A.B. asks: 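This is the structure I want to talk about, given as structure tokens.
Order of appearance sets the numbers: ligands from 1, and atoms from 1 within every ligand. Small disclaimer: the values here were computed from a predicted structure and weren't measured.
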Amino acid sequence: MTDKSQRLQELKESLAHAQPATLAIRDAIARSQHDEHSEALYLTSSYVFASASEAAARFAGDVPGNVYSRYTNPTVQQFEQRLAAMEAGEAACATSSGMAAILSTAMAFLKAGDHMICSQAVFGATIALFDKYLKKFAIDITYVPQTDLEAWQAAVKPNTKLLYCESPSNPLAEVADIAALSKIAKQAGARLVVDNCFCTPILQRPLTLGADLVIHSATKYIDGQGRCLGGAVVGSQEDINELVGVVRTCGPTLSAFNAWVLLKGLETLALRMAVHCRQAEQLARWLQQQPQVAKVYYCGLEEHPSYSLAKQQQPGGFGGVLAFEVKGGQQQAWQVIDATRLLSITANLGDAKTTITHPATTTHGRLSPEQRQAAGISDALIRISVGLEDIKDLQADLARALASIA
Ligand SMILES: *Cc1c(COP(=O)(O)O)cnc(C)c1O
């Protein structure tokens with residue numbers, strides 16, 4: 001007979017060299033006295049103390065334990081520990097959304113007078129956050145083309161504190177050379193931050209390539225079924241302590257309920273990513289053969305400029321998002337989108353449901369025409385986040401839609 005704590009200890013030892021897909025299901029088990037198999041959901045805003053002196057000791061941080069769910073919550077902690085293990089990071093800090101993760105990172109590691117370098121090809125709201133809000137606090141930002149390493153190097157200033165990228169980019173799938181950027185960051189005494197939303201740790205682990213911090217919008221593939229918002233930052237224990245300070249004081253805390261949904265989402269992430277990747281590649285190759293399509297953007301296509309880097313940097317796969325230009329302009333793109341019947345017209349991605357969107361007037365609509373042009377977002381461009389429906393049905397729906405502009 002082995003007792004419970006011995007079994008738990010043996011489980012922990014067996015996970016020391018486990019793969020991300022196993023960690024996603026088995027790591028960070030914190031069973032309660034009820035011995036539940038599925039992870040418990042702790043819906044509580046505060047915690048009780050046995051005495052006034054215990055309350056004082058926990059508030060002072062002299063004894064470990066929960067105080068208030070803006071600080072810590074057992075369900076949120078399970079999600080953080082599991083994601084950190086999958087990313088090969090020491091720790092994680094969960095946030096209420098992906099944007100909250102980005103804002104909290106900026107608050108933790110930048111101050112007035114600092115400079116950051118950011119890829120031109122990051123998520124639209126990220127650029128809006130940096131340009132409209134960070135600049136209010138006297139943060140200087142230089143935008144550079146994602147794949148131009150010389151431009152990153154040339155942009156470094158004595159006060160550069162962060163390098164920020166997202167790889168592959170949305171929606172054109174340009175791949176940032178994470179190892180090379182990490183060298184530039186280290187030389188500059190700055191941190192490299194990588195938004196890993198499109199890959200998840202199943203496809204790519206930026207910390208193992210030299211990145212300092214990984215950002216997630218858990219809203220996308222980690223949930224995977226379009227139910228709730230969430231975010232996280234993963235990195236060293238020291239850096240995450242800084243972030244935890246920001247989050248527990250400023251309040252962009254992940255709700256316990258959302259943490260539970262995301263924790264359960266992690267269990268099926270490897271399985272889902274494999275199908276997203278396989279179907280995206282099949283659809284990309286099929287789209288290339290359609291007469292109404294001018295160009296397909298997917299880093300799993302040999303002719304994509306980022307193909308060989310993607311192959312090496314993303315051992316788990318090329319991702320589930322692709323984009324293509326139709327022959328014509330906005331009118332033809334909108335016509336194709338409107339002629340689909342199965343696909344959802346929505347800007348969300350990473351869902352079991354395949355989604356279709358027109359980046360120039362939605363996700364990238366807040367950018368100026370010049371910024372859009374710099375990011376390569378044309379009016380004829382359509383983005384698809386390939387879901388888990390049968391590929392034959394997706395092709396049939398798109399074939400009908402493309403025929404509408406023939
Ligand atoms: C959606 C998204 C975000 C923002 O995440 P939210 O959860 O919507 O706040 C950040 N980065 C990327 C790449 C995204 O796709």
Side-chain angles (χ1 to χ4, degrees), residues 76 79 83 87 92-107 118-134 146 162 164-176 178 193-204 206 211 213-234 243 247 250-255 257-259 261-262 265-266 269 273 276 280 297 299 314 319-323 344 346-351 355-357 359 362-367 375 377 383-387:
V76 175
F79 169 65
L83 184 63
E87 284 284 7
C93 174
T95 55
S96 55
S97 68
M99 292 316 300
I102 300 168
L103 173 63
S104 303
T105 301
M107 288 187 69
C118 181
S119 160
Q120 276 164 359
V122 298
F123 187 60
T126 305
I127 293 191
L129 168 79
F130 292 167
D131 270 1
K132 198 164 167 205
Y133 299 104
L134 284 196
Q146 168 111 318
L162 283 189
Y164 190 100
C165 71
E166 173 187 320
S167 186
S169 69
N170 170 23
L172 301 180
E174 287 177 4
V175 175
I178 295 171
V193 183
V194 179
D195 183 331
N196 201 26
C197 166
F198 274 58
C199 279
T200 82
I202 300 300
L203 306 191
Q204 146 181 297
L213 293 160
V214 164
I215 301 259
H216 275 290
S217 167
T219 313
K220 314 294 169 54
Y221 288 106
I222 290 178
D223 173 357
Q225 292 165 69
R227 295 164 295 194
C228 64
L229 296 174
V233 187
V234 190
L243 269 149
V247 170
C250 303
T253 313
L254 180 62
S255 83
F257 181 81
N258 287 8
V261 172
L262 300 171
L266 286 177
L269 183 62
M273 290 313 288
H276 285 301
Y297 299 86
C299 63
Q314 301 171 209
V321 176
L322 61 85
S344 309
T346 170
N348 197 20
L349 63 96
D351 201 297
T355 66
I356 188 165
T357 193
T362 60
T363 52
H364 293 66
R366 276 195 275 176
L367 303 185
I377 312 296
R383 186 194 74 189
I384 293 182
S385 166
V386 183

A.B. asks: How long is the span from the CG atom in Asn348 to the CG atom in Leu229, to the nearest 0.5 Å?
C.D. replies: 8.5 Å
A.B. asks: Ala121 and Gln146: which non-hydrogen atoms are nearest, and at how many Å?
C.D. replies: CB-CB, 4.3 Å
A.B. asks: Count the heavy atoms belonging to other residues, nucleotides or ligands that lie under 6.0 Å from CE of Met107, then report whether that count exceeds 12.
C.D. replies: no
A.B. asks: Quick one: do the Thr95 and Ser104 side chains pair a donor with an acceptor below 3.5 Å?
C.D. replies: no
A.B. asks: For Phe123, enumerate each residue passing the ring pair (Phe, Tyr, Trp, His ring centres under 6.0 Å) test, keeping only those at least two apart in sequence or located in another chain.
C.D. replies: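 Per chain and number, Phe123 pairs via ring pair (Phe, Tyr, Trp, His ring centres under 6.0 Å) with no residue.
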A.B. asks: If you look at every heavy atom in Cys228 and Leu262, which pair is closest and at what distance?
C.D. replies: SG-CD2, 4.2 Å
A.B. asks: Under a 3.5 Å threshold, I'd like every N/O contact between ligand 1 and protein atoms, with atom names and distance.
C.D. replies:
{"unit_1": "ligand 1", "atom_1": "5 (O)", "unit_2": "Ser217", "atom_2": "OG", "d": "2.9"}
{"unit_1": "ligand 1", "atom_1": "7 (O)", "unit_2": "Gly98", "atom_2": "N", "d": "2.8"}
{"unit_1": "ligand 1", "atom_1": "7 (O)", "unit_2": "Ser217", "atom_2": "OG", "d": "2.9"}
{"unit_1": "ligand 1", "atom_1": "7 (O)", "unit_2": "Thr219", "atom_2": "OG1", "d": "2.6"}
{"unit_1": "ligand 1", "atom_1": "9 (O)", "unit_2": "Gly98", "atom_2": "N", "d": "3.1"}
{"unit_1": "ligand 1", "atom_1": "9 (O)", "unit_2": "Met99", "atom_2": "N", "d": "2.9"}
{"unit_1": "ligand 1", "atom_1": "11 (N)", "unit_2": "Asp195", "atom_2": "OD2", "d": "2.6"}
{"unit_1": "ligand 1", "atom_1": "15 (O)", "unit_2": "Lys220", "atom_2": "NZ", "d": "2.6"}

